[in-house]
Amino acid sequence: MAIVFLAPRGTVDILPEDQPYWIHVYDVIRDVVRLFGYSRLDVPIFEETGLYVRGVGEGTDIVDKEMYSFVDKGGREITLRPEFTAGLVRAYIQHGMHTLPQPVKLYTTGPIFRYERVQAGRYRQHTQFDVEVLGSSDPAVDLEVMSVAWHLFSQLGFGGLAFQLNSTGCPRCRPAYIEALVHYYEGHQGEVCEDCRRRLVRNPLRLLDCKVDSCQPIINNAPHIMDYLCSECAEHLATLRGYLDGLGRAYTINHRLVRGLDYYTKTVFEVWAQGIGAQNAVCGGGRYDGLAQELGGQPTPGIGFGSGIERIVMLMKEQGIQVPGIPAPQVVLVYHGEACKARALQLLTELREQHVAATIGFDDRSLRAQLRNANRTGAPYALVLGEQELAAGEIVLQGMLADGTREALPLGGAARVVAARLGAGATCVK
RNA sequence: GUGGGCGUAGCCGAGUGGAUAAGGCAUCUGGUUGUGGCCCAGAAGACCGUGGGUUCAAAUCCCACCGCUCACCCCA
């Protein structure tokens, strides 16, 4: 039989065998956000296109070539969310959250859509854990947000992650830096790659990001934004670094860290991993003190990050991190003959009402086939009901983990007895 | 958008011009009219990615397209 339909390019099915990783990541996220005092706010999967054009910025790759945009039946311009921040800031403004105690600490998880060429660790639909803190420009909030990421990765058991930190300045100091950078590169036009000549006019900050060998000496001698930060931005970074050093956090100041969204101001950071392909960022974020105002709200500083769960799961596999398995049923019902099947279905319901995780085989297969499948589930017990037992008003409880000891129980009230028997038992993990 | 690699059952994979396209895993059935794991036997499952070309003969050689994958760009 030829397979007709495949998952669309850039999308993946998260199969049952992968779910333990995902469940564990979500469990850890839940613990971390509780520990840090964050509230969940879910925003729609699609928004008005203008939100992202205004928020993320024209000229960014996301807006220029990566948005899944369409016109709905009502003629509205709609875009599948390519990031979380703009939507969450929109919700903050829409619901008057400036009236809440500030800052407001929010998180969410869910799918993100970007029309990109697929490669290892990069999908057209991926899932992010997103954190945003709105309403404070205190550098301690920068520390707080970075700490959420630190704690998450530490709780997941990762080693060898590299935290990268930089400042992108602000609208007051960044133009002077860009001007200096452009001026510097204009003197080296003949030496840099073709892409860099294009970046020079389109997006000068990205010049620092070039990986072409011949451009590296030029980058190394390029002016640093650190030397151009205004006193406010310089002080903000210095204070944050003081806090980080005080906590003994290892991080690298990366002069070349520039992020692809227009709204960033001051702090930007990423977390890098090795061994998951060329797309090595498992977390990226920064401060966006001008975004709320750009979106029509009161001036409201903010900072946040997104972290890609697909990449986190890749890294867990790469690092061999163990996660809890899927619980097996506690008991599997096995029957022989139609009368027994009908009675077994009643017992199945009774067991579930007693909170016993119970399953039954279908399609009237042979006892052997039913036991074989019961064994495969990893269930510690089977309950076998055949004509003999039914006639005697009994049912056989059979242990499945060892050599299969069998014990006859009265059929009436069997659910209660089994529930009591299993109640004290360990949770069974396949 | 650009470049590299790869397309043989659900999965892995042999086959490099010659007849009905190996084998393993998984699935189903049986060996035990009512008892799982191990073992054994059998069954089912493939328009060899699609289309065209070369040839007496193509899974195999050539071309195009499609798909997957990795990398560039950029990002999570």
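Lettering of chains follows the sequences in order, A, B, ..., and the numbering in each one begins at 1. Heavy atoms only: backbone and side chains are in, while hydrogens, waters and symmetry mates are out.
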A:E66 vs A:Y52 side-chain heavy atoms within contact, under 4.5 Å
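They are not in side-chain contact.
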Taking the side chain as every heavy atom from C-beta outward, state whether A:Y243 and A:M146 have any pair of such atoms under 4.5 Å apart.
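The answer is no, as the side chains (C-beta and beyond) never meet within the 4.5 Å cut-off.
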Under 4.0 Å between a side-chain N or O of [X] and OP1 or OP2 of [N]?
| X | N | answer |
| --- | --- | --- |
| A:R376 | B:rG37 | no |
| A:S366 | B:rG30 | yes |
| A:R368 | B:rG37 | no |

Please pick, from [options], the nucleotide with the shortest atom-to-atom distance to any side-chain atom of [X].
| X | options | result |
| --- | --- | --- |
| A:A120 | B:rC72, B:rA71, B:rA76 | B:rA71 |
| A:A278 | B:rA71, B:rC28, B:rG34 | B:rA71 |
| A:Q388 | B:rC75, B:rG34, B:rG30 | B:rG34 |
| A:C283 | B:rG3, B:rG34, B:rA76 | B:rA76 |

Say you pick atom [atom1] in [N] and the same atom in [M]; how far apart are they, in whole Å?
| N | M | atom1 | result |
| --- | --- | --- | --- |
| B:rG23 | B:rA44 | P | 14 Å |
| B:rA58 | B:rG52 | C1' | 13 Å |
| B:rA22 | B:rC48 | P | 13 Å |
| B:rU16 | B:rC74 | C1' | 41 Å |
| B:rG7 | B:rG31 | C1' | 40 Å |
| B:rU60 | B:rG15 | P | 15 Å |

Just call it for [X]: base, sugar-phosphate, or nothing, with non-hydrogen atoms closer than 4.0 Å on any strand.
| X | value |
| --- | --- |
| A:G399 | base |
| A:E270 | nothing |
| A:G284 | sugar-phosphate |
| A:R365 | sugar-phosphate |
| A:A382 | nothing |
| A:L401 | base |
| A:E310 | nothing |
| A:F129 | nothing |
| A:E389 | base |
| A:L6 | sugar-phosphate |
| A:G121 | base |

Under-3.5 Å donor-acceptor pair between [X] side chain and [N] base:
| X | N | answer |
| --- | --- | --- |
| A:Q119 | B:rC73 | yes |
| A:R9 | B:rG67 | no |
| A:R117 | B:rC70 | no |
| A:R372 | B:rU35 | no |
| A:Q370 | B:rG34 | no |

Once you round it to whole Å, what is the distance between [atom2] of [N] and [atom1] of [X]?
| X | N | atom1 | atom2 | result |
| --- | --- | --- | --- | --- |
| A:L156 | B:rA76 | CG | P | 19 Å |
| A:E116 | B:rG1 | CD | P | 14 Å |
| A:Y264 | B:rA76 | OH | P | 6 Å |
| A:H126 | B:rA76 | NE2 | C1' | 4 Å |
| A:L207 | B:rC73 | CG | C1' | 14 Å |

Whether A:F305 and A:F269 hold their rings parallel, tilted or perpendicular, with breakpoints at 30° and 60°
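Perpendicular: the ring planes of A:F305 and A:F269 meet at over 60°.
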Whether A:H224 and A:H255 hold their rings parallel, tilted or perpendicular, with breakpoints at 30° and 60°:
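Plane angle under 30°, so parallel.
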With a 4.0 Å cut-off, would you call A:R421 and A:E407 a salt bridge?
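A salt bridge is present here (some side-chain N lies under 4.0 Å from a carboxylate O).
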Working to the nearest 0.5 Å, report the span between CZ of A:F46 and OG1 of A:T79.
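Going from CZ on A:F46 over to OG1 on A:T79, the span is 11.0 Å.
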Do you know which of A:V334, A:L333, A:I395, A:V332 makes side chain to side chain contact (heavy atoms under 4.5 Å, CB included) with A:V384?
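One option only clears the test, and that one is A:V334.
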